[in-house]
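Step one of this worksheet: look at the structure below.
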Amino acid sequence: MSWYVCLWGMVYWTSTFFLLLIPGILGWGKEGHYAICKIAEGYLTEEALAAVKVLLPEDAEGDLAAVCSWADQIRFHYHWSSALHYVDTPDFKCNYKYCRDCHDTAGRKDRCVTGAIYNYTMQLLTYHDSISQSRYNLTEALMFLSHFIGDVHQPLHVGFLGDEGGNTITVRWYRRKTNLHHVWDDMIIDSAVKTFYDKELTNMIQAIQRNITDDWSNDILSWETCASNHTACPNPYASESISLACKYAYRNATPGSTLGDEYFLSRLPVVEKRLAQSGLRLAATLNRIFTFQSKIAEARR
Ligand SMILES: *[C@@H]1O[C@H](CO)[C@@H](O)[C@H](O)[C@H]1NC(C)=O
Ligand SMILES: *[C@@H]1O[C@H](CO)[C@@H](O)[C@H](O)[C@H]1NC(C)=O
Ligand SMILES: *[C@@H]1O[C@H](CO)[C@@H](O)[C@H](O)[C@H]1NC(C)=O
Ligand SMILES: *[C@@H]1O[C@H](CO)[C@@H](O)[C@H](O)[C@H]1NC(C)=O
């Protein structure tokens, strides 16, 4: 089943790696995903928060952020889900097109991060619909959606096919040997927490939250808006990501280069803004999913 009809390069939604399995180093790393979901929690409506709490697994203890890396933890166990964390664009093309790019390596359509966001949004839209609800595991749908809205904002999760979104570009992060993808998933955030936030991720999250209410307060509405009343709109997020990948991630990061202060200090603001945007957009998407439905359920009563 395909939920989209590709026409004239546009997408109509017709229905309503790199990764180490070492705890602490898990698309954004564990810390990035935690920050995104923490930020999102602050912007959920009462209705959405209630639905989220019903769907969360027990061990999350009511905290969405606790399960935002679940999709990475099960990635090898649910091997089929591996392609859903990213989308690749043709080499050196700094744009993204759903119909051209959203497929897995076997060419199966919709199997990429944006396709997965549509998929799990559609599943969650059955939350109030007791008959079709049972077709899906909505706990998993919530955990996947929360993770993938984060991933699509990491610039190198929408990177070039040939270098696997920076995974095959070996670089040094200060003295440590790593790859460019990992720098953007984890290292920039880790270094920022150590250098500027007194080794506490919470301090970084709070600084981003302050920026959302101060510096970025005029931008929030445009970040959250979904064109033509769609429930989820991952395509513009992916376009932003590949554009940022070209402008910031790949630039001056050729294979074998050493990335230090200059790269770190100029890219950190990009990372912090992407974390803010994904948090707000995750909340806005969950709010649309659960508010819309409770209205329909209301009307049926
Ligand atoms: C949609 O979700 C189902 C259930 O998790 C999964 O089996 C399927 O592969 C997903 N497809 C896409 C394109 O995300
Ligand atoms: C739904 O998924 C969660 C997480 O994988 C699992 O613990 C739970 O047993 C599943 N529920 C059903 C009804 O299969
Ligand atoms: C979006 O929804 C609003 C209110 O439901 C409606 O007035 C407007 O025409 C819709 N816009 C589009 C582009 O469908
Ligand atoms: C806050 O916003 C300013 C202006 O956009 C930016 O320079 C700074 O890096 C941001 N800080 C954080 C923590 O997001």
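By convention here, the first residue in the shown sequence is residue 1. Counting convention: from 1, in listed order, for ligands and their atoms alike.
Between H147 and H33, a ring centre-to-centre spacing shorter than 6.0 Å is recorded. Taking the six-membered ring for Trp, Y34 and W28 have ring centres at least 6.0 Å apart.
There is a protein heavy atom closer than 4.0 angstrom to atom 14 (O) of ligand 2. In this structure, atom 11 (N) of ligand 4 is in close contact with the protein, since a protein heavy atom lies within 4.0 Å of it. Using a 4.0 Å threshold on non-hydrogen atoms, atom 5 (O) of ligand 2 counts as touching the protein.
Residue-ligand proximity, N119 to ligand 1, at heavy-atom distances under 4.0 Å covers atoms 1 (C), 2 (O), 3 (C), 8 (C), 10 (C), 11 (N), 12 (C), 14 (O). Contact atoms of ligand 2 toward N137: 1 (C), 2 (O), 3 (C), 8 (C), 10 (C), 11 (N), 12 (C), 14 (O) (distance under 4.0 Å to a heavy atom of the residue). Counting the atoms of ligand 4 from 1 in the order shown, those under 4.0 Å from a heavy atom of E272 are 9 (O), 11 (N), 12 (C), 13 (C), 14 (O). For ligand 4 and D215, the ligand atoms under 4.0 Å from any heavy atom of the residue are 2 (O), 3 (C), 4 (C). Short contacts between ligand 1 and A116, defined as distances under 4.0 Å to a heavy atom of the residue, involve ligand atoms 14 (O). Residue W70 has at least one heavy-atom neighbour below 4.0 Å for each of these atoms of ligand 2: 5 (O). Every atom of ligand 4 with a heavy atom of Y197 under 4.0 Å away is listed here by number and element: 13 (C). Set against the non-hydrogen atoms of L84, the atoms of ligand 1 under 4.0 Å away are 14 (O).
Scanning the protein heavy atoms around atom 7 (O) of ligand 4, the nearest turns out to be P269 CB, 4.9 Å.
Contacts between Q123 and ligand 1 below 4.0 angstrom, taking non-hydrogen atoms only, involve the side chain exclusively.
Here's the thing with T139: none of its N/O atoms is less than 3.5 angstrom from an N/O atom of ligand 2. Residue W80 places no N or O, backbone or side chain, under 3.5 Å from any N or O of ligand 1. Checked against a 3.5 angstrom limit, the closest N/O atoms of D110 and ligand 1 fall outside it.
Counting only heavy atoms from C-beta outward, the side chains of T195 and F264 approach each other to under 4.5 Å. Looking at D63 and E41, their side chains come closer than 4.5 Å, going by heavy atoms from C-beta outward. Between D186 and T178 the shortest side-chain heavy-atom distance does not fall below 4.5 Å. For the pair D261 and Y174, the minimum side-chain heavy-atom distance is below 4.5 Å.
Under the 3.5 Å distance criterion, the side-chain polar atoms of T45 are matched with a main-chain donor or acceptor of A48.
Side chains of R288 and T121: a donor-acceptor N/O pair is absent below 3.5 angstrom, by distance only.
Ring geometry for F148 against F144 counts as parallel: the plane angle stays under 30°, on a 0 to 90° scale with 60° as the upper cut.
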Does the pair R108 and D104 meet the rule for a salt bridge (charged side-chain N to carboxylate O under 4.0 Å, His left out), with working shown? CA-CA 5 Å; R108 284 177 300 177; D104 63 14; 2.8 Å; yes

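Remark: Y248 OH is loosely packed, at most 12 non-hydrogen atoms of other residues, nucleotides or ligands lying under 6.0 Å away.
Between Q277 atom CD and Y237 atom OH the span is 9.5 Å, to the nearest 0.5 Å.
Heavy-atom proximity to atom 2 (O) of ligand 4, evaluated over L265, N211, N203, is greatest for N211.
For the ligand labelled ligand 1, residue Y136 lies outside the 4.0 Å heavy-atom shell. The closest approach between any non-hydrogen atom of R111 and ligand 1 is below 4.0 Å.
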